[in-house]
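Just the heavy atoms: all of them, side chains too, but no hydrogens, waters or symmetry mates, feed the values below.
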Amino acid sequence: MTDAQNGAAQQAPQVKMNVLTQYIRDMSFENILSRKPSTGQVQPDVKVQVALDAKKRETENQYEVLMKLTVNSNAKDSGDPMFLMELEYVGLFNIEGVPEEQMHPFLLIECPRMLFPFVRRIVSDVTRDGGFPPLNLDTIDFVALYRAELQRRAAAQQPAN
């Protein structure tokens with residue numbers, strides 16, 4: 001390593017992130033299909049909506065990140081609802097070494113990546129326990145989700161013609 005590379009490595013801030021705790025803030029599961037007589041096998045059409053939010057806590061370097069999922073499952077052929085699941089999952093993080101201008105994307109991309117495996121497990125367990133095959137969520141691209149939200153906000157700020 002040259003002296004210039006070594007100096008640059010020493011000047012770069014060391015990012016530290018710890019998950020302090022994570023928990024279910026709110027959850028509901030409604031088995032709508034159980035209210036109607038079953039007519040054999042029904043193919044599900046599952047839609048998942050994800051919303052993210054983050055806020056600074058009073059304690060220094062601590063942040064709260066909320067991942068809210070809404071999972072709707074309807075029968076493909078008839079469109080009849082099968083189940084509805086809503087989940088609010090929160091992670092409390094201690095984050096150091098992230099520059100202020102990069103904190104917002106860090107909170108809404110990296111932190112949800114840490115929470116997602118736990119959310120996936122909860123959704124799988126609850127759908128299975130609710131009388132359906134376990135729903136294994138596909139991996140979520142949090143970078144694309146963040147960019148889409150930035151574009152939505154920019155479009156909302158544009159004056160309507």
Hey, could you give me each pair passing salt bridge (Lys or Arg N to Asp or Glu O under 4.0 Å) that has a residue in residues 13-33? Not counting sequence neighbours.
R25-E64, E30-R35

Nearest-0.5 Å distance, CD of residue E88 to CG of residue L66
5.5 Å

Are the side chain of N18 and the backbone of L20 linked by a donor-acceptor contact shorter than 3.5 Å?
no

Residues in side-chain contact (heavy atoms from CB on, under 4.5 Å) contact with P133, at least two apart in sequence or another chain:
none

Going by the side-chain hydrogen bond (donor to acceptor under 3.5 Å, both in side chains) test, which pairs reach into residues 70-79, not counting sequence neighbours?
S78-D80

Could you go through L69 and V123, starting from their C-alpha distance and side-chain angles, then the distance that decides it, and tell me whether this counts as side-chain contact (heavy atoms from CB on, under 4.5 Å)?
CA-CA 9 Å; L69 265 75; V123 170; 4.2 Å; yes

Write down the atom of L115, the atom of V90, and the distance for their closest heavy-atom approach.
CD1-C, 4.5 Å

Answer yes if M114 and L137 sit in the same cluster of Ile, Leu, Val, Met, Phe, Trp and Tyr residues linked by side chain heavy atoms under 4.5 Å apart, and no otherwise.
yes

Closer than 3.5 angstrom, by distance alone: can the side chain of T127 be matched with the main-chain N or O of L135 as a donor-acceptor pair?
yes

CG on L108 to CZ on R147, rounded to 0.5 Å
14.0 Å

Taking only residues at least two apart or on different chains, which pairs with a member in residues 100-119 satisfy salt bridge (Lys or Arg N to Asp or Glu O under 4.0 Å)?
E110-R113

Validation: residues 46-62 side-chain donor-acceptor distances under 3.5 Å, sequence neighbours left out:
unit_1: K47; atom_1: NZ; unit_2: D45; atom_2: OD2; d: 3.4
unit_1: K56; atom_1: NZ; unit_2: T59; atom_2: O; d: 3.1

Does P105 have any side-chain contact (heavy atoms from CB on, under 4.5 Å) partners at least two apart in sequence or in another chain, and if so, which?
I109, Y146

Treating Ile, Leu, Val, Met, Phe, Trp and Tyr as nodes and any side-chain heavy-atom pair under 4.5 angstrom as an edge, say whether V15 and F142 lie in one connected cluster.
yes

What residues, two or more places apart in sequence or in another chain, satisfy ring-ring contact (aromatic ring centres under 6.0 Å, His included) together with F132?
F83

Please evaluate residues L33 and N31 with respect to the criterion side-chain contact (heavy atoms from CB on, under 4.5 Å), reporting the C-alpha separation (whole Å), side-chain torsions for both, the decisive distance (0.1 Å), and the verdict.
CA-CA 6 Å; L33 188 62; N31 184 341; 3.8 Å; yes

Partners meeting side-chain contact (heavy atoms from CB on, under 4.5 Å) with I24 (sequence neighbours left out):
M27, L87, Y89, I122

On a heavy-atom basis, the closest approach of G130 and F29 is CA-CE2, 3.6 Å

Minimum heavy-atom distance between C111 and I95, given as atom pair plus value
SG-CD1, 3.8 Å

Can you sort out the partners of Y63 under ring-ring contact (aromatic ring centres under 6.0 Å, His included), two or more places apart, ordered by chain and number?
none

Which pairs count as ring-ring contact (aromatic ring centres under 6.0 Å, His included) when at least one residue sits in residues 111-130, sequence neighbours excluded?
none

Are V19 and V65 linked, directly or through intermediate hydrophobic residues, by side-chain heavy-atom contacts shorter than 4.5 Å (ILVMFWY only)?
yes

Crowding at CE, M17 (>12 non-hydrogen neighbours, <6.0 Å):
yes

Under the salt bridge (Lys or Arg N to Asp or Glu O under 4.0 Å) rule, what pairs show up with a residue in residues 125-137, not counting sequence neighbours?
R121-D125, D125-R128

In chain order, what residues pass the side-chain contact (heavy atoms from CB on, under 4.5 Å) check against R152, with sequence neighbours excluded?
E149

